[in-house]
**Q** 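Dropping a structure here in structure tokens format, bear with me for questions.
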Amino acid sequence: MVRYNPNEIEPRWQAYWDEHHTFATPEKVGEKKRYVLDMFPYPSGDGLHVGHPEGYTATDIVSRFARARGESVLHPMGFDAFGLPAEEHAIKTGEHPRVQTQRNIDNFTRQLKMLGFSYDWDRVLATTDEEYFRWTQWIFGVLYDTWFDHDQQKGRPISELPIPAEVAAEGELAIEQYRDSKRLAYLDDALVNWCPKLGTVLANEEVVDGKSEVGGHPVKRIPLRQWMLRITDYAERLLEGLDDLDWPTGIKKLQSDWIGRSTGGEVDFYLQRGAAGDDTGPFVAFKRARETEGFPTDPGKDCLRVYTTRPDTLFGATYMVVAPEHPLIDVLVKPEQKDEVDAYREKASFKSDRERTDGDRAKTGVFTGSHAINPADGRSIPIWVADYVLAGYGTGAIMAVPAHDERDFEFAVAFDLPVIPVVDPPADHKQRVEILAGKACFAAEGVAINSGEYDGKTTAEVKAALTAELARQGLACEAVNYKLRDWLFSRQRFWGEPFPVLHEIDSEGNATGVRRLVPDDQLPVTLPELADFKPHGRPEPPLAKADDDWLIVELDGKRYRRETNTMPQWAGSCWYYLRYIDPKNSDALIDPQKEKDWMPVDLYVGGAEHAVLHLLYSRFWHKVLFDRGHVTCPEPFGKLVNQGMILGEVEFTSFVDPSGKHVSTKDVKKDSEGNRVHKATGEPVEIVALTEEQVVKKGEGFVLASDASIKVVSRAFKMSKSRGNVVNPDSVVRDYGADSLRLYEMFMGPLEATKPWAMNGVGGVRSFLDRVWRMIIDEPEDELKLSDAVVDTACDEEQLRVLHQTIRKVTEDNEAMSFNTAIAKMMEFTNHFTRCETRPREAMESFLILLAPYAPHMCEELWKHLGHNESISLQPWPEWDEAALVQASIEIPVQINGKVKAKISLSPDAKPNEMGEAALADAAVQNAIGDKKVVKTIAVPGRMVNLVVK
RNA sequence: GCUGCUGUAGCUCAGGGGUAGAGCGCCUCCUUGGUAAGGAUGAGGUCAUGGGUUCAAAUCCCAUCAGCAGCUCCA
């Protein structure tokens, strides 16, 4: 009895592949190359999750398939190994993050090998390797050394930055400061989440509702000097570059929304000094100056500059709002308002960006006491401060047009500010009357009213005309804005890449303001050894705790203090795809010829959760490297596929009220705090789990078996430790084998879909593999022996057709990454051939090559038993023969008025008229026609006949 | 609120203007005391709903409903 035993077969073949370097990347790239990349994992302490192997299996199939077709394949794997969990573990236990990280990497490696992926393990890397982050630091140096030339839309060396004469006149220090203000990597004061109680700075994800996730202590937003990357300079290029990428449209849209390009205008509102009407003199002077000098780059302190996408609604601007952090706020606030404004700003500082921009919050704000003059009509309008205006977008100030902007309208209602409609909605608009009365808001386009000489013009016309007129007066100019912000690139953490930056200090140890990069030949800057990893209680990075022999550096006779921030986790993942190509290069981040040979990545597979940040950051770095001549392709990832999430097993749940009575899901709603309550009584309800026996299908959903009026919830949930529905790949491999796990993950459904796990589905594909085994091996025999049905004769016509249909389907589906359908076809093949008395060897062998990318261990084993000494992974992919696909005679349906009434047998190349005749000759057809008349005959060769009768 | 995706067998999913499919599950029968068995049969579908286009719609178009996911004060 020799049964299929994956636990014995799989480790043996994994060892064989390792030993023979079966999947080594070819040194020389052949005619066609394919770079197949997985998003590398963060090696968490929990090990692989069944979600990981989904994408990895897909890319593995693509890689094995491509190799079989003679392509040169690069298919590497690595680890995104810096990150918070290891550091938290270190704080708790004192164990160095490096130790835990290595342990996790080892475990991940074991699991990945256990699944039989054909990675080139000689190229494995971790972002925490010193030889890797040496080049991460080096790339930071490139960013530091680059400025963005907006005219050329290109990053250029800082040495080529034109220095304005007035700067040059001030000397070296001024020139250096000017350069610093243009570098792609620059220092700025950014807000961090400082938790005084914990004595540490927190990452955004560690802050929940303005409190620390750990302990629930208040978190304050305080400014800290930090590194920023000027990704906004690349906004336009990042947006345009999307066009040519073979990415899911959803992801492209997410990125383009994230970049958020909008066009509009910037408009200056003159700040009124005294009471209304007092400003005629200075205001006239201001206007006259503007008319001659034009619109200045820097608005100065005389006016408040706003950005608007609707300059056509200027006549409807009834007040203005500045962000709590607006730089002019101290000028704007009148003494009698100061206390109130200060209190408001203090309160706002405790809110995270997230909170301030969250949902349908009621609008808050405070009057500053100042007024500005509306340039359209000279009206005096009040200036408020409110946190619904963000300091970081546009100019940090808006003109509020409550009649035509929802947010402004809400604010105006809350604070009783006037609403003046200036756009007449289309006549058939439901709320037109309310809108015209200032009782409702209308944000779309229409015809101008209450807008002086512009009345009657369309929104587009007013926009153009009014902007032009204000531009002529030097009060406005067209402007483009992006939602995208510069990338806050430093973290106050230990477990990250140190910056290769030195700050000069004087003999007293005080910073002089001069900075320099660590010279390339002194990279990498490694992490210092710390006695412990506990926070030191100041809003500074943990590296500041390091000893002076790390912290203080002498170079060229000057003393420097090292930068103590570290880079964010994103840094290492921004360029790892380049390093795989040349992982051991100690002279450069990548060899230029190898870069040309392998880039760009042909297929990149990973989760949609990285749709925006990782992919945008990578593209940004890549474009900088491209501009600086280090890479030759403008985009790193040609084709991108997102695998869907794998959910836990489907669960049935119901709700019970406090008395323990079941409540139908129809009668449950969420209250304002998100708790589930009974719709009618408002009583809280509790979720209870149900077994399969307790429910029964009814219509669209499920109901309680004991009471059909109670609808229950039937759905799968995200796998989570707390829910206890996590499936562990180790146990699946132990119980079913790696090939079954691989096959099941692919058979669950389309790669991109979200799908629930079902353990009996794994059993299903396992029995398919058992069937394949028995199709070839004589299982009842004690000695391993081929089945007697496997013979050396040729296929009969039907077998040949089934074989070639299968070759075609699997080939085409592999290309299209439609793995589930390819598997279904291979199941059909197996069903057909196991029913055959004889199974020609040629068919079995071709089939095994088709199945090998999916279930490589088993196919290697069967291939060997069929008498081959060479790995099946090295066999060429079979080709299908069109001639074998055609049938001598096929069944054609005959429809009467579009309904199938009979079937006739015909040659596949019968002509339409022959088909019509054959159909009419059929007794069943005649019967169906009865005494009606055939008025039309439609015959589609090879498909069907339709007779239209009356 | 906005955006996107999805509604096909009890479940998970293919297909896609012209014959309704796979795996799992289920019924019946057969084989088998190494068996998380195997084999053979069969049942089960108004292709979410309502319109439209067409000789013909599950498929294309429009609307509606339901589910899921993501985003959301960006002026």
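Just the heavy atoms: all of them, side chains too, but no hydrogens, waters or symmetry mates, feed the values below. A note on names: the letters A, B, ... follow the listed sequences, proteins ahead of strands, and every chain is numbered from 1.
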**Q** Write down the protein N/O and nucleotide N/O pairs, taken from nucleotides 37-41 of chain B, whose separation is under 3.5 Å; answer none if there are no such pairs.
**A**
residue	atom	partner	partner atom	Å
B:rG38	O3'	A:R774	NH2	3.2
B:rA40	OP1	A:R835	NE	3.1

**Q** What I'd like to find out is whether the side chain of A:K463 reaches to under 4.5 Å of the side chain of A:R310, using heavy atoms alone.
**A** yes
**Q** Round to a whole Å and report the spacing from CE of A:M645 to P of B:rG4.
**A** 20 Å
**Q** Look through every strand shown and name the nucleotide pairing with B:rU28 as Watson-Crick or G-U wobble, where both distances are under 3.5 Å.
**A** B:rA40
**Q** What distance, rounded to whole Å, do you find between the two C1' atoms, one in B:rC62 and one in B:rG21?
**A** 29 Å
**Q** Expressed as a whole number of Å, how far does the P atom of B:rA63 sit from that of B:rC2?
**A** 14 Å
**Q** Expressed in angstrom and rounded to an integer, what is the separation of A:L743 atom CG from B:rC24 atom C1'?
**A** 14 Å
**Q** If the P atom of B:rU12 is compared with that of B:rG67, how far apart are they to the nearest Å?
**A** 16 Å
**Q** Output yes when a side-chain donor or acceptor of A:S731 lies under 3.5 Å from a complementary backbone atom of A:V727, and no otherwise.
**A** no
**Q** Could you tell me whether A:R774 and A:D770 have a side-chain N and a carboxylate O separated by less than 4.0 Å?
**A** no
**Q** Does any part of the side chain of A:W247, heavy atoms only, come nearer than 4.5 Å to the side chain of A:L615, both counted from C-beta?
**A** yes
**Q** With the criterion being N/O to N/O and under 3.5 Å, what pairs connect the protein with nucleotides 54-57 of chain B, and how long is each?
**A**
residue	atom	partner	partner atom	Å
B:rC55	O2	A:N946	ND2	2.2

**Q** Between A:D268 (side chain) and A:C303 (backbone), is there a donor-acceptor pair under 3.5 Å?
**A** no
**Q** Restricting to non-hydrogen atoms, name the atom on A:P382 and the atom on A:L417 that form the minimum distance, rounded to 0.1 Å.
**A** CG-CD2, 4.2 Å
**Q** Should the pair A:E54-A:K755 be classified as a salt bridge under the 4.0 Å nitrogen-to-oxygen rule?
**A** yes
**Q** Grab the CE-P distance between A:M399 and B:rA75 for me, whole Å please.
**A** 12 Å
**Q** Roughly how many Å is it from CG in A:D735 to P in B:rA36, rounded to a whole number?
**A** 13 Å
**Q** Tell me if the centroids of the rings in A:Y319 and A:F411 come within less than 6.0 Å of each other.
**A** yes
**Q** Give a yes/no on whether any side-chain N or O of A:S262 is located under 4.0 angstrom from OP1 or OP2 of B:rA75.
**A** yes
**Q** Within a strict 4.5 Å, meaning less than it, do heavy atoms of the A:M827 and A:V765 side chains meet?
**A** yes
**Q** When the P atoms of B:rG23 and B:rA40 are considered, how many whole Å apart are they?
**A** 11 Å
**Q** Before accepting this row, confirm whether a basic side-chain N of the pair A:K809/A:E828 lies closer than 4.0 Å to the acidic partner's carboxylate O.
**A** no
**Q** Which part of the nucleic acid, if any, lies within reach of A:T937 when heavy atoms closer than 4.0 Å are counted: base, sugar-phosphate only, or nothing?
**A** nothing
**Q** Map A:M827 and A:R310 onto RNA chain B by nearest heavy atom, then report which one ends up closer to the 5' terminus.
**A** A:M827
**Q** Can you tell me the pairing partner of B:rA69 across any strand shown, Watson-Crick or G-U wobble, with both distances under 3.5 angstrom?
**A** B:rU3
**Q** Round to the nearest Å and state the distance from A:W258 atom CH2 to B:rC71 atom C1'.
**A** 9 Å
**Q** Can you say whether a donor on the side chain of A:K755 sits under 3.5 Å from an acceptor on the base of B:rC13, or the other way round?
**A** no
**Q** Would you name the heavy atoms of A:I61 and A:N814 that are closest together and state the gap between them?
**A** CG2-OD1, 4.1 Å
**Q** Base, sugar-phosphate, or nothing: which does A:Y482 touch, judged by heavy atoms less than 4.0 Å apart?
**A** nothing
**Q** Report the residue (A:E828 or A:K253) whose heavy-atom-nearest nucleotide on RNA chain B is the more 5′ of the two.
**A** A:K253
**Q** Taking a pair as Watson-Crick or G-U wobble with both distances under 3.5 Å, which nucleotide is matched to B:rC60?
**A** B:rG52
**Q** What distance, rounded to whole Å, do you find between the two P atoms, one in B:rA9 and one in B:rG44?
**A** 15 Å
**Q** Distance check needed: B:rU3 P versus A:D257 CG, whole Å only.
**A** 11 Å
**Q** For A:K825, answer base if it contacts any base atom (sugar-phosphate contacts may also be present), sugar-phosphate if it contacts only those atoms, and nothing otherwise; contact means non-hydrogen atoms under 4.0 Å.
**A** nothing
**Q** B:rG18 and B:rA58: how far apart are their C1' atoms, nearest whole angstrom?
**A** 12 Å
**Q** Taking only the C1' atom of each, what is the distance from B:rU6 to B:rG42 in whole angstrom?
**A** 32 Å
**Q** Taking only the C1' atom of each, what is the distance from B:rU49 to B:rA66 in whole angstrom?
**A** 10 Å
